[in-house]
Each structure stands twice: as C-alpha cells, then as structure tokens.
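Hydrogens, waters and symmetry mates are skipped; everything else that's a heavy atom, side chains included, is used. Convention: sequence-line order gives letters A, B, ...; per-chain numbering from 1.
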2 protein chains.
Amino acid sequence: MVVRTDLSAADLDRLFHALADTTRRDIITRLLGGETTSVSGIASRYDMSFAAVQKHVAVLEEAGLVTKHPRGREKLVRGNPERLARARQLLQQLEHLWASRFRQLDALLAEPRPPKE
Amino acid sequence: MVVRTDLSAADLDRLFHALADTTRRDIITRLLGGETTSVSGIASRYDMSFAAVQKHVAVLEEAGLVTKHPRGREKLVRGNPERLARARQLLQQLEHLWASRFRQLDALLAEPRPPKE
DNA sequence: AGTACGTACAACCATGTGGTTGCAGGTTAA
DNA sequence: TTAACCTGCAACCACATGGTTGTACGTACT
C-alpha cells in the first residue's frame, strides 16, 4: 500500500518544526522503539510539568508524527513512521538534486535556459 | 570516505529548525539544484527585504546546510548536502527503530534463523 | 576621486514558542 | 458517592523568530 498524500508547505513546516526539539525527538524515538504508553506515561520520564509534555505531544500530533487513541480515561500515543518517511523522502530528493547537478551542468552547457523562473 | 562528525542535540535542533521554513527550504533547493549565487542573488528572487533573506541564509549557515565563500565584494553561497544527509540518516534510524519492532516480533514467533543482512 | 553595489549588523515590532500554574471535565477505583 | 487520576485548555511569562528600516563598511566600476 502506497499512500501518496501530498504535504503542503505548511505541513512540512510543521513536520520539521516538530523534529526541531530534543524532547520531541526523544519522545518519538521512544514511541517508535516499541513503547505504547499514555500521555502521562510519557510525561513521567521528563523533568518538566505534565502540561509542557502534553504540548510537545500536541505538536507531534499536529505534525502527524503521532496519533492518540483513547483507552478508558487515558489516551495511548502511537508513533506514525509514515510521516517520518515523508520527511526523509524530501531530504533524499534534495540530495538527489545535488547529485544530478552535474548532469544538469551538461544540459546547461548544451542549451542554456532563461534564468528567471 | 565516511565523515562521522557527531552532531549534538543542539546541532540537530538547529538543523531541523533551519528546514522548518518554506523560504529556507526553497533556498537550499535552488542551491542544491545547481545555482551558485551570492546572497543578493538569492534575495532578488524573494518578495521580502534583503535583510530578511540574509537572516535566512545565516540560519542555514549556522545549521551547516550552507557555506559562504567570498568572491570580491560578494559572497557566494554553496549548499552542503552532507548536513542534509545527516538529517536524513537520523530519520532513517528512527524508521529502522520502528521496523525492528516487527523483526523482534518475528524472532519471537519464528524459529531462530540466521538474520539476513 | 567619487558613486554604486554587496554585505553585515543593530534596533525595533508583532507574533510564536516553550515553559509555568491553575482549573474544568471525564473515567476509574474505593 | 467520593476521591483519585488522566487529559485538555486558558492565562501568563520570558525569550526566540521573522519581518521591517536604517546605518556602516569594504569592494568595484567609471
């Protein structure tokens, strides 16, 4: 199954922003590593208030890196590696762009294109 | 040659933060795509002040995604795909973490075979 | 020489971010 | 029912961010 949901620029902003925090990267690391736990279960591992951790989880959720599933009075948090893969694919595309520079250089030498868009 | 410079948590924060902005992603896309241009050359493509673009380039530079090389009165900006690869590797590690969950499950359910790869 | 260009940096402003505390509502356990 | 727990949200604070304008300085062009 190949899910091909295009992410908007704002989606990517949110995605990379969510990854740009040590605590949040640590949270998704634990989640992807096998932990299936509640928000307070996550919060118990960090030396900050519950509300602070809850906000971090909310940021991860809005970025699509994490999903919440109610179980009784708590909500289990689960990692979503598909969004992670999307971010990785974008970086990979950029790297590929670099690799293909030299091919494009050949094309430029043969047939220069108009420089402005 | 494998360059193995470990990035600190703060380095990764800076790296992903630099990627969490549409304008900055656009800049590195153009740079990796083959453009070798000055700061003002970059700025001319965006509908914002030169100083704003200059700040974006500074953020990219502090994240290590870009390097500046003086040529006369201008500074040529060059993309650094190595830092990009570092970010991608981290995401890949996280995905691998997720994948290994199921490999561990397989190992539990199946006869212990010599693991491929 | 003088002028125009490229870059850097400071000051400023509005908004966002990461943290706190406190409160309210739903769920489970005694 | 009552108490304890889990979650969410609002208000607040200090600081960072993304934008602006203005200034300063070195380099290049004529």
Side-chain angles (χ1 to χ4, degrees), chain A residues 8-31 35-79 115-116, chain B residues 8-31 35-79:
Chain A
S8 69
D11 288 334
L12 291 172
D13 287 0
R14 267 179 244 119
L15 185 45
F16 284 109
H17 169 69
L19 291 169
D21 182 279
T22 307
T23 302
R24 288 197 288 265
R25 283 196 306 276
D26 194 67
I27 290 176
I28 57 177
T29 300
R30 292 177 182 278
L31 288 180
E35 282 193 22
T36 310
T37 181
S38 63
V39 180
S40 59
I42 297 172
S44 68
R45 302 179 178 279
Y46 299 96
D47 191 21
M48 63 181 80
S49 70
F50 170 78
V53 175
Q54 196 201 333
K55 278 202 209 174
H56 280 305
V57 174
V59 169
L60 290 171
E61 190 183 21
E62 288 199 0
L65 284 167
V66 137
T67 54
K68 283 189 272 193
H69 304 87
R71 191 190 60 177
R73 67 181 164 185
E74 52 187 12
K75 290 203 177 175
L76 297 187
V77 184
R78 194 179 306 163
K116 269 231 170 176
Chain B
S8 70
D11 289 335
L12 291 172
D13 287 0
R14 268 180 244 119
L15 184 45
F16 283 110
H17 168 70
L19 292 168
D21 181 279
T22 306
T23 301
R24 287 195 290 264
R25 282 197 306 274
D26 193 67
I27 291 175
I28 58 177
T29 300
R30 291 177 182 278
L31 288 179
E35 283 193 21
T36 310
T37 182
S38 62
V39 179
S40 58
I42 296 172
S44 67
R45 297 196 157 76
Y46 298 97
D47 190 21
M48 64 182 79
S49 71
F50 170 79
V53 174
Q54 196 199 334
K55 279 203 209 173
H56 280 305
V57 174
V59 169
L60 289 171
E61 190 183 21
E62 288 200 0
L65 284 168
V66 137
T67 54
K68 282 188 273 194
H69 303 87
R71 192 190 60 177
R73 65 181 165 187
E74 52 188 11
K75 291 203 176 173
L76 296 187
V77 185
R78 194 180 306 162

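- Side-chain proximity of B/Ala51 to the nucleotides C/dC9, C/dG19, D/dG8 is greatest for C/dC9.
- Closest non-hydrogen pair, A/His17 versus A/Arg24, comes out as O-NH2, 3.1 Å.
- Note on A/Ser38: only backbone sugar-phosphate atoms sit closer than 4.0 angstrom, heavy atoms only; bases stay farther off.
- Minimum atom distance to the side chain of A/His56 is reached by C/dG18, of the listed D/dC5, D/dG19, C/dG18.
- At D/dG18, one or more side-chain N or O atoms of B/Arg24 fall inside 4.0 Å of OP1 or OP2 (strictly under the cut-off).
- One atom, CZ of B/Arg71, and another, P of C/dG6, lie 11 Å apart when rounded to the nearest Å.
- In summary, B/Arg30 and B/Asp26 engage in a salt bridge, as defined by a charged side-chain N under 4.0 Å from a carboxylate O.
- Look at CG on B/Asp21: it is 18 Å from P on D/dA16, rounded to the nearest Å.
- Atoms CZ (A/Arg14) and C1' (C/dG16) sit 14 Å apart, rounded to a whole Å.
- A close approach under 4.0 Å does not occur between any side-chain nitrogen or oxygen of B/Gln54 and OP1 or OP2 of C/dT7.
- Taking atom CD of A/Glu61 as the reference point, atom C1' of D/dG8 lies 11 Å away to the nearest angstrom.
- Considering only the side chain of B/Arg73, D/dG26 comes nearest among D/dG26, C/dT7, C/dG22.
- Look at CD on B/Glu74: it is 10 Å from C1' on C/dC5, rounded to the nearest Å.
- A salt bridge between A/Glu35 and A/Arg78 is absent, with no side-chain N of the basic residue lying under 4.0 Å from a carboxylate O of the acidic one.
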**Message:** Set out, in order, the CA-CA distance, both residues' side-chain angles and the distance that settles side chain to side chain contact (heavy atoms under 4.5 Å, CB included) for A/Leu65 and A/Leu19, then state yes or no.
**Reply:** CA-CA 9 Å; A/Leu65 284 167; A/Leu19 291 169; 3.9 Å; yes
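- Atom-to-atom, NE2 of B/His69 to P of D/dT27 comes out at 18 Å; the value is rounded to the nearest Å.
- When only modelled atom types and interatomic distance are considered, B/Asp11 and B/Ser8 share a side-chain donor-acceptor pair under 3.5 Å.
- The closest donor-acceptor contact from the side chain of A/Ser49 to the backbone of A/Ala52 lies under 3.5 Å.
- Rounded to whole Å, the distance from CG on B/Asp47 to C1' on D/dT20 is 13 Å.
- When distances are taken from the side chain of A/Lys55 to each of D/dA11, C/dA11, C/dT7, the shortest belongs to D/dA11.
- The residue among A/Ala20 and B/Gly41 whose nearest nucleotide of DNA chain C lies closer to the 5′ end is B/Gly41.
- Taking side-chain N and O atoms only, A/Ser40 has a distance below 4.0 Å to OP1 or OP2 of D/dT7.
- Here A/Lys75 reaches the OP1 or OP2 of D/dG8: one of its side-chain N or O atoms lies under 4.0 Å away.
- Distance from the side chain of A/His17 is smallest for C/dT17 among the nucleotides C/dC5, C/dT17, C/dA8.
- Side-chain nitrogen and oxygen atoms of A/Ser49 include at least one within less than 4.0 Å of the OP1 or OP2 phosphate oxygen of C/dT20.
- The phosphate of D/dT7 (OP1 or OP2) has no side-chain N or O of A/Lys68 nearer than 4.0 angstrom.
- As a whole-Å value, the separation of B/Leu60 CG from D/dT17 P is 13 Å.
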